[in-house]
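Reading through the structure tokens given below for one structure.
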2 protein chains.
Amino acid sequence: MNLKNALFEKINFNEDELKVILGSFEKESIIKGEHIIKTGKTCDKLYYIKEGIFRSYYINESGKDITQWFFNDGKFMTSIESFYQQKPSLYNIQALEDAVVYSINRKKLDTLFNTYPKAERFGRLLAIEMLIKVSNKLNAIQFQKAKERYEYMITEFPNIYYRVPLGYIASYLGMTQETLSRIRKK
Amino acid sequence: MNLKNALFEKINFNEDELKVILGSFEKESIIKGEHIIKTGKTCDKLYYIKEGIFRSYYINESGKDITQWFFNDGKFMTSIESFYQQKPSLYNIQALEDAVVYSINRKKLDTLFNTYPKAERFGRLLAIEMLIKVSNKLNAIQFQKAKERYEYMITEFPNIYYRVPLGYIASYLGMTQETLSRIRKK
DNA sequence: ATTATTTTTTGATTTATATCAAAGGATTGC
DNA sequence: GCAATCCTTTGATATAAATCAAAAAATAAT
């Protein structure tokens with residue numbers, strides 16, 4: 001899906017609005033393995049993924065790499081609390097495949113929010129959509145057995161689960177890669 | 001905190017705006033144990049809690065009562081995906097103490113959103129705030145031991161953890177009440 | 001192609017927490 | 001004030017998943 005359709009899906013922007021909004025984004029190419037934001041830095045951009053897969057992750061106190069979320073094409077992505085509250089990011093975000101994205105910085109986005117109430121609404125709907133997804137993951141993680149968590153993964157990310165390293169999925173689901181490997185065998 | 005200050009905390013509404021917005025809310029009293037929304041019903045109201053504590057919960061496939069979230073005074077509360085997407089609620093929300101709330105229905109809120117871009121912005125900031133909190137819980141639940149999860153609870157809900165039944169906290173944290181009881185002993 | 005590196009699988013053992021069961025405490029209602 | 005609920009604690013046992021270790025498979029580099 002392209003950015004225009006992604007915007008249109010939630011809000012009926014008119015042609016003029018679309019022109020300005022689309023014009024505020026810049027195209028970027030990112031190669032596999034590259035980071036768009038690192039822990040400790042303040043994230044200044046919101047991204048729309050045209051092609052590719054990304055993950056957010058952090059290294060915990062015991063040195064383990066923990067994947068927090070996957071972002072695939074057609075979705076918006078940022079280090080939320082860093083971008084919106086302009087404070088250091090707790091997460092790294094890394095491309096898992098060569099990717100093409102459209103980005104907008106905080107300043108330009110604020111201008112859009114101030115100029116077009118519809119843009120503000122789009123932002124609100126996007127936040128709510130993400131909130132519901134995170135809640136769903138929480139429910140899956142909180143009370144389900146390892147096998148059911150993997151089933152949740154397949155439902156939530158049907159286009160991703162077979163494309164990214166098993167270890168990343170395991171930590172995303174709150175289990176070790178050995179456990180996930182054993183589950184997959186069945 | 002009162003509703004006016006809660007609004008003012010995020011957005012500099014002017015006097016006229018505040019008057020209309022505050023006038024759109026209705027005061028309600030709810031007694032301990034009562035439900036403001038039940039599973040399967042569509043939630044039509046957003047609440048501001050002036051006094052009291054609430055919890056959202058559901059009964060899972062094996063019949064267990066699982067607390068999903070706690071809401072205390074000074075916070076906004078609703079069954080998010082039900083209220084915003086107008087579909088049946090997955091959760092019940094119940095008062096754990098006698099409570100006083102201010103409520104606004106979806107229709108009136110939409111009018112406010114359409115009339116005052118600042119209200120829309122308030123809605124966006126509220127959604128983001130909640131999103132960050134849910135993410136924090138997810139990180140606590142996903143990779144921490146039972147003891148650390150209880151410490152997260154104390155940090156996130158310093159005014160609640162000693163006021164609600166231990167069983168509710170246990171399921172909120174993804175553990176059994178026996179485990180939580182043993183942790184508390186220390 | 002061959003080596004080097006990364007990722008996944010498999011096995012043996014340990015551990016945190018769930019489950020089952022029952023006894024104590026604390027509240028609520030009459 | 002006593003009975004009836006409800007909530008919390010304690011103990012014994014079971015279990016899902018973590019940990020540790022190493023082999024096998026897949027991918028990338030020379």
Side-chain angles (χ1 to χ4, degrees), chain A residues 31-35 53 55 57 59-67 70 92 94-98 137-154 160-186, chain B residues 31-35 52-53 55 57 59-67 70 92 94-98 137-154 157 160-186:
Chain A
I31 60 170
K32 183 175 174 174
E34 219 178 308
H35 286 81
I53 300 180
R55 67 169 183 134
Y57 71 98
I59 307 298
N60 77 359
E61 323 80 48
S62 28
K64 274 197 188 158
D65 173 318
I66 310 227
T67 294
F70 292 104
N92 306 284
Q94 179 189 39
L96 300 180
E97 295 179 349
D98 290 347
K137 181 185 168 184
L138 187 52
N139 291 334
I141 293 280
Q142 191 167 358
F143 268 97
Q144 298 191 344
K145 295 266 153 68
K147 189 171 163 241
E148 296 157 320
R149 277 183 255 162
Y150 183 58
E151 284 156 8
Y152 149 81
M153 173 78 196
I154 294 173
I160 291 186
Y161 76 96
Y162 55 89
R163 280 204 274 170
V164 305
L166 171 143
Y168 294 167
I169 296 177
S171 73
Y172 172 81
L173 294 176
M175 65 183 78
T176 60
Q177 61 175 1
E178 292 93 331
T179 297
L180 182 53
S181 173
R182 286 182 244 262
I183 286 167
R184 262 194 179 169
K185 206 167 63 171
K186 297 173 199 164
Chain B
I31 60 169
K32 184 176 173 174
E34 219 178 307
H35 286 81
I53 300 180
R55 67 169 185 133
Y57 72 98
I59 307 298
N60 77 0
E61 324 78 50
S62 28
K64 276 197 187 156
D65 173 318
I66 312 234
T67 294
F70 292 104
N92 305 285
Q94 179 189 39
L96 299 180
E97 295 178 351
D98 289 349
K137 181 184 169 186
L138 187 53
N139 290 334
I141 293 278
Q142 190 168 359
F143 267 96
Q144 298 192 344
K145 295 267 151 68
K147 188 170 164 245
E148 296 158 318
R149 277 183 255 164
Y150 184 58
E151 284 157 8
Y152 149 82
M153 173 78 197
I154 294 173
F157 296 107
I160 291 186
Y161 76 95
Y162 55 89
R163 282 203 272 170
V164 305
L166 171 143
Y168 294 167
I169 296 176
S171 73
Y172 173 81
L173 294 176
M175 63 183 79
T176 61
Q177 60 175 0
E178 291 93 331
T179 296
L180 182 52
S181 173
R182 285 182 245 261
I183 286 167
R184 264 195 178 169
K185 207 167 62 171
K186 296 177 199 161

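We name chains A, B, ... by the order of the sequence lines, and we start the count at 1 in each one.
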Between the side chains of A/Y172 and A/R55, does any donor sit under 3.5 Å from an acceptor?
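No, because no side-chain N or O of A/Y172 sits under 3.5 Å from a partner of the opposite role on A/R55.
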
Does [X] reach the main-chain N or O of [Y] with its side chain, forming a donor-acceptor pair under 3.5 Å?
X      : Y      : result
A/D98  : A/I31  : no
B/E148 : B/K145 : yes
A/S171 : A/T67  : yes
A/N92  : A/Y57  : yes
A/Q142 : A/K137 : no

Kindly indicate whether the side chain of [X], heavy atoms from C-beta on, has any atom under 4.5 Å from the side chain of [Y].
X      : Y      : value
B/Y168 : B/L96  : yes
B/I169 : B/R184 : yes
B/F157 : B/V164 : no
A/M175 : A/I183 : yes

Can you tell me which nucleotide in [options] comes closest to the side chain of [X]?
X      : options               : answer
A/T179 : D/dT9, C/dA18, D/dA18 : D/dA18
B/E178 : D/dT10, C/dT9, C/dA16 : D/dT10
B/Q177 : C/dA18, D/dT19, D/dT9 : D/dT9
A/R182 : C/dA12, C/dT9, C/dT17 : C/dA12

Nearest-Å distance for atom pair [atom1]/[atom2], residues [X] and [N]:
X      : N      : atom1 : atom2 : answer
B/K185 : C/dG25 : NZ    : C1'   : 15 Å
A/M175 : C/dT8  : CE    : P     : 14 Å
B/L180 : C/dA16 : CG    : C1'   : 15 Å
A/R149 : D/dA16 : CZ    : C1'   : 10 Å
B/N60  : C/dA18 : CG    : P     : 14 Å
B/E97  : C/dT28 : CD    : C1'   : 17 Å
B/E148 : C/dT17 : CD    : P     : 9 Å
A/I183 : C/dT9  : CD1   : P     : 12 Å

Pull out every protein N or O sitting under 3.5 Å from an N or O of nucleotides 25-27 of chain D, one pair per line with the distance.
none

Quick one: label A/G174 by what it contacts on the DNA or RNA (base, sugar-phosphate, nothing), any heavy atom closer than 4.0 Å.
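Sugar-phosphate contact only.
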
NA contact type, A/K64, heavy-atom cut-off 4.0 Å: base, sugar-phosphate, or nothing?
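Answer is sugar-phosphate: A/K64 comes under 4.0 Å of backbone atoms only.
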
Using a heavy-atom distance cut-off of less than 4.0 Å, which residues of residues 163-171 of chain B contact DNA chain C?
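The answer is none.
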
Between A/S181 and C/dT8, is there a contact of a side-chain N or O with OP1 or OP2 at under 4.0 Å?
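For C/dT8, OP1/OP2 do not have a side-chain N/O of A/S181 under 4.0 Å.
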
